[in-house]
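Everything quoted here is computed from the prediction, not taken from an experiment. We count ligands from 1, going down the list as the structure has it; atoms in each ligand are counted the same way.
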Amino acid sequence: MSSDATRIGVLGGGQLGQMLGLAAIPLGLECVFYDPAPASPARMVGRHECAAWDDHDALARFADAVDVVTFEFENVPAASLEFLAARKPVRPGVRSLELTCDRVREKEFLRSVGVPVQPFAALASAQDLDLALATVGPHGVLKTRTLGYDGKGQRVVKSAEELAPAWDALGRAPCISEAFVPFDREVSVVAARALDGSTAVYPLVENLHTRGILFRSVAPARVPDALADAARAHARRVLDGLGHVGTLALEMFVADGTLIANEIAPRVHNSGHWTIRGARTSQFENHMRAVAGLPLGDTSMDGPAAMINLIGGLPATREILAIEGASAQLYGKEPRDGRKVGHINLVARTRDELDRALADAEALARRVNRLS
Ligand SMILES: Nc1ncnc2c1ncn2[C@@H]1O[C@H](COP(=O)(O)OP(=O)(O)O)[C@@H](O)[C@H]1O
Ligand SMILES: [Mg+2]
């Protein structure tokens with residue numbers, strides 16, 4: 001008996017939704033996007049249900065129109081998700097969201113499945129400040145437990161005296177205080193898990209952030225094989241521990257030759273955009289396959305690959321295409337400071353060839369990028 005779903009409801013209609021929708025078409029899948037924003041990039045590749053997250057009539061209409069529900073945006077209100085989950089399968093499941101939407105629960109989960117994390121403490125009231133300092137030490141990062149992204153809702157704390165003012169600056173919201181990791185590099189693993197529990201894990205990616213926003217991803221990361229294998233094994237532990245169905249990303253630091261997990265994105269992720277050109281099956285296609293109950297595709301790559309984000313501004317498309325091995329992926333969004341509006345993907349035969357193209361692509365992006 002076939003349990004394949006063909007109509008996929010996607011919560012969120014940003015660029016991740018757009019790229020999911022593009023991957024869905026050749027698989028014969030049809031996407032419906034739910035997003036309160038009228039100008040959602042995904043409206044170009046599927047029907048757009050434009051309504052508020054608490055509009056039950058619209059949610060019911062959406063649930064009726066699809067076989068299965070997935071998301072490209074993880075901050076969907078819990079009540080809306082429950083409403084949908086009562087009507088249609090939600091993949092990945094509610095557990096994947098619950099254990100990753102709160103930075104404290106996320107780190108507890110990571111530790112529980114044997115993935116190393118730095119010392120951390122929850123901060124809910126002024127009484128917790130001393131314990132947080134004792135657990136984490138004076139050099140830390142304070143982050144709101146929920147809703148942070150692209151470095152928002154975070155303060156680096158450099159001494160004991162800075163902790164209380166940093167918490168004030170975050171509006172005394174419930175926070176996680178975590179030790180600052182003096183990392184040598186940042187890496188991530190993008191991986192997918194199918195409905196039958198089989199997994200597909202991409203090569204390790206090395207990421208560079210500028211002011212908390214991803215600027216560059218390069219795959220495979222230049223680290224010893226044993227480290228890359230360990231990182232990919234951690235991603236499998238996370239996939240299985242969550243009982244995840246679909247793609248996710250596990251972000252990690254490499255410090256002193258060891259891995260420390262930073263966070264999980266329970267969805268397709270910016271550090272996996274290179275897979276559109278650089279891997280045999282993209283992270284978006286594998287997510288769609290998983291959600292539709294189809295087998296996963298090959299995650300291997302034929303040569304090194306990279307991605308450069310275009311943030312707050314765009315060059316002329318012909319300038320991107322003039323770079324050796326480059327392809328453009330533009331989201332159709334109005335440029336605004338700090339907003340991701342597209343990316344450049346690069347593929348090459350050798351690392352030297354990739355490095356040359358990277359130098360050109362980075363120079364181009366630096367010229368147009370406007371961070372907030
Ligand atoms: N504990 C830490 N130690 C050192 N750098 C950190 C730490 N936490 C975050 N950062 C830096 O800030 C970036 C964004 O933080 P992250 O926790 O990934 O939040 P976001 O949800 O905004 O991506 C990281 O990619 C890293 O460069
Ligand atoms: Mg992050």
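Remark: minimum distance from atom 5 (N) of ligand 1 to any protein heavy atom is reached at F183 CE2, 3.5 Å. Summary of contacts: the protein heavy atom closest to atom 13 (C) of ligand 1 is G212 CA, 4.5 Å. Protein heavy atom in closest approach to atom 22 (O) of ligand 1: G151 N, 2.5 Å. Nearest to atom 12 (O) of ligand 1 among the protein's heavy atoms is Q154 OE1, 3.9 Å. At the shortest separation from atom 26 (C) of ligand 1 among protein heavy atoms lies E186 OE1, 3.3 Å. Among all protein heavy atoms, the one lying closest to atom 10 (N) of ligand 1 is F253 CZ, 3.9 Å. Nearest to atom 9 (C) of ligand 1 among the protein's heavy atoms is K143 NZ, 3.4 Å. In terms of protein heavy-atom proximity, atom 23 (O) of ligand 1 is nearest to E263 OE2, 2.8 Å.
For the Mg ion (ligand 2), the tally of protein N/O/S atoms lying closer than 2.8 Å stands at 3.
Comment: R87 does not engage D64 in a salt bridge, judged by the lack of any side-chain N to carboxylate O separation of less than 4.0 angstrom. Taking the charged nitrogens against the carboxylate oxygens, D302 and R280 do have a contact shorter than 4.0 Å, which makes a salt bridge. Of the charged side-chain nitrogens involved, at least one lies within less than 4.0 Å of a carboxylate oxygen, so that R7 and D67 count as a salt-bridged pair. The pair R105-E98 fails the salt-bridge criterion, with no side-chain N (NZ, NE, NH1 or NH2) lying under 4.0 Å from an Asp/Glu carboxylate O. Salt-bridge annotation for E362 and R216: present, with a side-chain N of the basic residue lying under 4.0 Å from a carboxylate O of the acidic one.
Polar contact with ligand 1: present for V181 (N/O pair, distance under 3.5 Å).
The ring pair (Phe, Tyr, Trp, His ring centres under 6.0 Å) contacts involving residues 271-310 comprise H273-F284, H273-H343, where partners must be two or more places apart or lie in separate chains.
Residue contacts with ligand 1, taken as heavy atom pairs separated by less than 4.0 Å, involve N262 solely via side-chain atoms from C-beta onward. Residue contacts with ligand 1, taken as heavy atom pairs separated by less than 4.0 Å, involve Y149 solely via the backbone atoms N, CA, C and O.
N286 places no side-chain N or O within 3.5 Å of a backbone atom of L296 that could act as its donor or acceptor partner. Remark: the backbone N or O of A261 is not paired with any side-chain donor or acceptor of H234 at under 3.5 angstrom.
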TODO: Applying side chain to side chain donor-acceptor pair (under 3.5 Å), run through N207 and S217 and close with a yes or a no.
DONE: CA-CA 4 Å; N207 301 312; S217 294; 2.7 Å; yes
Task: Intermediate values then yes/no, side chain to side chain donor-acceptor pair (under 3.5 Å), K333 and Q15 - done: CA-CA 9 Å; K333 286 163 79 174; Q15 64 266 22; 2.8 Å; yes
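With distances taken over non-hydrogen atoms, the option nearest atom 2 (C) of ligand 1 out of V141, V117, N270 is V141.
Taking the six-membered ring for Trp, F215 and H209 have ring centres at least 6.0 Å apart.
Judged by the shortest distance from any of its heavy atoms, A179 lies inside the 4.0 Å radius around the atoms of ligand 1.
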